[in-house]
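Beneath this line is the structure, given in structure tokens, with notes to follow.
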Amino acid sequence: QVQLVESGGGLVQAGGSLRLSCAASGRTFSSYAMGWFRQAPGKERELTAAIMWSDSTTYYADSVKGRFTISRDNAKNAVYLQMNSLKPEDTAVYYCAATPYSSTYYSPLVYDYWGQGTQVTVSS
């Protein structure tokens, strides 16, 4: 049974940092793309960052580029999202997700596995 379990969310002041973790289990993700999505109230779920498990190629949304860093740890089967210089508009539930369709990593529709989400709240 595949499981993605996020942790690390919380409340932080603007300008602060948080590190999200995603522990993956239940299968080998070596050919997968891993994504961090977020969804704010009343808004669509959007991709913030993605990483190819095979070669660590990364993608960032323009809104987080230069502030967020996605990484993976093969030994721990984990993916991380380091979030710096947080802004109130980063407030959302953040989800870790996995897809075998690496070429279309930008679409939430192709992700087979999702975590339960972790709340990130940035106060002004």
Side-chain angles (χ1 to χ4, degrees):
Q1 181 181 359
V2 175
Q3 278 193 314
L4 301 177
V5 180
E6 302 101 333
S7 60
L11 173 64
V12 64
Q13 287 188 332
S17 298
L18 283 174
R19 187 190 193 214
L20 304 183
S21 299
C22 173
S25 62
R27 68 158 299 128
T28 301
F29 292 95
S30 57
S31 62
Y32 275 57
M34 305 295 291
W36 280 101
F37 288 80
R38 67 185 181 186
Q39 188 165 21
K43 294 189 176 181
E44 293 187 353
R45 191 169 295 190
E46 63 171 353
L47 179 67
T48 60
I51 187 167
M52 306 302 127
W53 203 285
S54 58
D55 62 3
S56 292
T57 302
T58 57
Y59 159 85
Y60 296 96
D62 287 343
S63 58
V64 307
K65 202 170 292 183
R67 301 188 298 121
F68 290 13
T69 303
I70 189 170
S71 62
R72 61 150 174 71
D73 185 326
N74 282 349
K76 295 183 178 180
N77 224 29
V79 179
Y80 306 99
L81 187 67
Q82 178 66 44
M83 305 185 295
N84 298 328
S85 302
L86 283 162
K87 305 175 181 180
E89 51 264 43
D90 294 319
T91 295
V93 178
Y94 284 71
Y95 299 89
C96 174
T99 176
Y101 307 106
S102 300
S103 61
T104 53
Y105 63 88
Y106 44 84
S107 171
L109 299 178
V110 304
Y111 283 77
D112 292 341
Y113 305 110
W114 292 85
Q116 81 286 355
T118 185
Q119 177 71 46
V120 171
T121 302
V122 184
S123 63
S124 57

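Treat the numbers as computed from the prediction; the structure is a model and nothing was measured. In what follows, residues are counted from 1 in the order of the sequence shown.
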Under the side-chain hydrogen bond (donor to acceptor under 3.5 Å, both in side chains) rule, collect the residues that match up with [X], sequence neighbours excluded.
{"X": "Asp55", "value": "Thr57"}
{"X": "Tyr32", "value": "Arg27"}
{"X": "Trp114", "value": "none"}
{"X": "Arg19", "value": "none"}

Once you round to the nearest 0.5 Å, how far does [atom1] of [X] lie from [atom2] of [Y]?
{"X": "Ile70", "Y": "Met52", "atom1": "CD1", "atom2": "CE", "answer": "8.5 Å"}
{"X": "Tyr94", "Y": "Leu18", "atom1": "OH", "atom2": "CG", "answer": "9.0 Å"}
{"X": "Leu81", "Y": "Thr118", "atom1": "CG", "atom2": "OG1", "answer": "11.0 Å"}
{"X": "Ser71", "Y": "Met34", "atom1": "OG", "atom2": "CE", "answer": "11.5 Å"}

Within [range] or reaching into it, pairs that qualify as disulfide bond (SG atoms under 2.5 Å apart) - sequence neighbours excluded:
{"range": "residues 59-94", "answer": "none"}
{"range": "residues 87-124", "answer": "Cys22-Cys96"}
{"range": "residues 42-88", "answer": "none"}

Is there a path of hydrophobic side-chain contacts, each under 4.5 Å between heavy atoms of I/L/V/M/F/W/Y residues, joining [Y] to [X]?
{"X": "Val12", "Y": "Val64", "value": "yes"}
{"X": "Val122", "Y": "Val93", "value": "no"}
{"X": "Tyr106", "Y": "Tyr101", "value": "yes"}
{"X": "Val79", "Y": "Phe68", "value": "yes"}

(request) Only counting residues at least two apart or in another chain, list the ones meeting salt bridge (charged side-chain N to carboxylate O under 4.0 Å, His left out) with Lys76. (result) none
Shortest non-hydrogen contact from [X] toward [Y]:
{"X": "Thr104", "Y": "Val110", "answer": "O-CG2, 3.2 Å"}
{"X": "Gly115", "Y": "Tyr95", "answer": "O-CD2, 3.7 Å"}
{"X": "Ala50", "Y": "Tyr111", "answer": "CB-OH, 4.4 Å"}
{"X": "Ser21", "Y": "Trp36", "answer": "O-CH2, 3.6 Å"}
{"X": "Ala14", "Y": "Pro88", "answer": "CB-CD, 4.1 Å"}

(message) Do Leu20 and Glu6 have side chains that approach each other closer than 4.5 Å (heavy atoms only, starting at C-beta)?
(response) no
(message) Between Asp112 and Val2, is there a side-chain heavy-atom distance shorter than 4.5 Å?
(response) no
(request) Assess whether side-chain contact (heavy atoms from CB on, under 4.5 Å) is satisfied between Asn74 and Phe29, documenting all intermediate values. (result) CA-CA 9 Å; Asn74 282 349; Phe29 292 95; over 6 Å; no
(request) Sort and list the pairs that fulfil ring pair (Phe, Tyr, Trp, His ring centres under 6.0 Å) and have at least one residue in residues 44-63, not counting sequence neighbours. (result) Tyr59-Tyr105
(request) Measure from the side-chain N and O atoms of Asn77 to the backbone N and O of Ala24, and report whether any donor-acceptor pair falls under 3.5 Å. (result) yes
(message) Holding to side-chain contact (heavy atoms from CB on, under 4.5 Å), I want the full list of residues that pass it with Ser56, two or more places apart in sequence or in another chain.
(response) Ile51, Arg72
(message) Connecting only ILVMFWY residues whose side-chain heavy atoms lie within less than 4.5 Å of each other, what is the rest of Leu109's hydrophobic cluster?
(response) none
(request) Would you list the pairs meeting side-chain hydrogen bond (donor to acceptor under 3.5 Å, both in side chains) in which at least one residue belongs to residues 79-93, sequence neighbours left out? (result) Ser17-Asn84, Arg38-Asp90, Arg67-Asp90, Gln82-Asn84
